[in-house]
Amino acid sequence: MKFRHGFKAEAKRIAARVREKVGLTPICPIEPVQVCARFDIRLLKLSEVEPDSPFLHGENRKFFSAVTVPRGGQTAILHNDKHHEHRQRSNICHELAHCFLGHGFTPPLTIDGERTHDRGIEAEADFLAGVLLLTDEGAMHVLRRRLTDEAQHLYGVSEQMLQLRLNMSGAYIRMRRAAVYS
Amino acid sequence: MTDHFDSEAFYAALNAARLGRQMTWKEVAEEAGVNASTLSRIGQGAKPDVNGLAALLTWSNLKAEMFIPRAGQQEAEPIARITALLRADPKLSGDKAKLMEDIVISTYKKLRDD
């Protein structure tokens, strides 16, 4: 997915501002629950709002991750609390990213009963969620301090997310260049 | 008397603008130059006073006419006004998509009722 011009820099600025507002340095792990509280966003669990939902069990869990619902001046993020803990953090950050990027809300289904899905805004939210969870500075910190083995636990991210961020942040490339010139 | 200004829609738009700028309500009040209580009152459905409205419109770059229903305009049923941003499998069968919609409606109702 090719992003609009300037998007990645904008996402990094947003992540930096959010971290500043919750009192975190760029290399600190982020706590999505704390971010929701700071910005007056209600965080709800699927198991509490819809205890009988089929998306709470077995294979069906993968079909539903999270949703952001606004009403008046309130915003709620409802997430699937039966996902792995790392996945929950990623899901919540994805929804926070939609809010911080000012993405427009749409009816959940089209008039034909299909899911509304915009690949462009979903890719943007994925990117910002990744930067919120592990900033470029955080990725460099992981490699410089040789924390790759502990990083998943330290930052609460999946192996896939960790590798994605180490690649996309340019941390691997910068470390390789530094090794060549040292 | 007929309502000439949709405070709820205005507050919702302010909320979206606030999050889009990564700001808290307190910061909005400070930056717009209004009392925090002015924002709380609008959030509870009160009409903003002229000065507060002007300050918040300037801060948000919103236009007042966006929140003034035109004569004869029918307000959508509350359920039809529900919107969301959903993270779920994009290729869902009809029954699962309907279950997803039910989750959104339950969340909306929880916000309304709590």
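Heavy-atom minimum distance, V49(A) versus T107(B): CG1-N, 4.4 Å.
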Subject >> Derivation of the side-chain contact (heavy atoms from CB on, under 4.5 Å) call for M100(B) and F55(A) >> reply: CA-CA 9 Å; M100(B) 212 72 83; F55(A) 299 123; 4.0 Å; yes

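For the pair F39(A) and M23(B), the minimum side-chain heavy-atom distance is 4.5 Å or more. At least one side-chain heavy atom of K21(A) sits less than 4.5 Å from a side-chain heavy atom of E27(B). Proximity of N60(A) to K96(B): side-chain heavy atoms (C-beta onward) are separated by under 4.5 Å at one or more points.
Between the side chains of D40(A) and T24(B), no donor N or O sits under 3.5 Å from an acceptor N or O.
L111(B) touches chain A through backbone and side chain together, each having a heavy atom under 4.5 Å away. Neither the backbone nor the side chain of I77(A) comes within less than 4.5 Å of any heavy atom in chain B. With a 4.5 angstrom heavy-atom cutoff, L96(A) does not touch chain B via any of its atoms.
Here the CG atom belonging to D113(B) is positioned 8.5 Å from the CZ atom belonging to R71(A), to the nearest 0.5 angstrom. For the atom pair R38(A) CZ and Q22(B) CD, the distance stands at 12.5 Å (nearest 0.5 Å). Distance check, rounded to the nearest 0.5 Å: CZ of F64(A) to CG of L99(B) gives 11.0 Å. Atom OG1 in T75(A) sits 5.0 Å away from atom CG in L19(B) (nearest 0.5 Å). Note that CD of Q74(A) and OH of Y108(B) are 10.0 Å apart. Values are rounded to the nearest 0.5 Å.
The environment of CD in E159(A) is crowded: more than 12 heavy-atom neighbours from other residues, nucleotides or ligands sit within 6.0 Å. By the neighbour-count criterion of 12 heavy atoms within 6.0 Å, atom NE2 of H5(A) is sparsely surrounded, having that number or fewer from other residues, nucleotides or ligands. The local environment of CZ in R146(A) is sparse, with at most 12 non-hydrogen atoms from other residues, nucleotides or ligands closer than 6.0 Å. By the neighbour-count criterion of 12 heavy atoms within 6.0 Å, atom NZ of K12(A) is densely surrounded, having more than that number from other residues, nucleotides or ligands. Annotation for R145(A): atom CZ does not count as buried by contact number, only 12 or fewer foreign heavy atoms lying within 6.0 Å.
Against chain A, no residue from residues 53-66 of chain B qualifies, as none has a non-hydrogen atom under 4.5 angstrom away. Within residues 28-39 of chain B, no residue has a heavy atom under 4.5 Å from a heavy atom of chain A.
Counting heavy-atom pairs closer than 4.5 Å to chain B, the top-ranked of the candidates H79(A), R42(A), H103(A) is R42(A). The greatest number of non-hydrogen atom pairs below 4.5 Å with chain B, out of I14(A), V18(A), L101(A), is found for I14(A). Per-residue heavy-atom pair counts under 4.5 Å with chain A were compared for D102(B), I103(B), L14(B), and the maximum is reached by I103(B).
Cluster membership check: I173(A) does not share its hydrophobic cluster with V142(A), using side-chain heavy-atom separations under 4.5 Å among Ile, Leu, Val, Met, Phe, Trp and Tyr.
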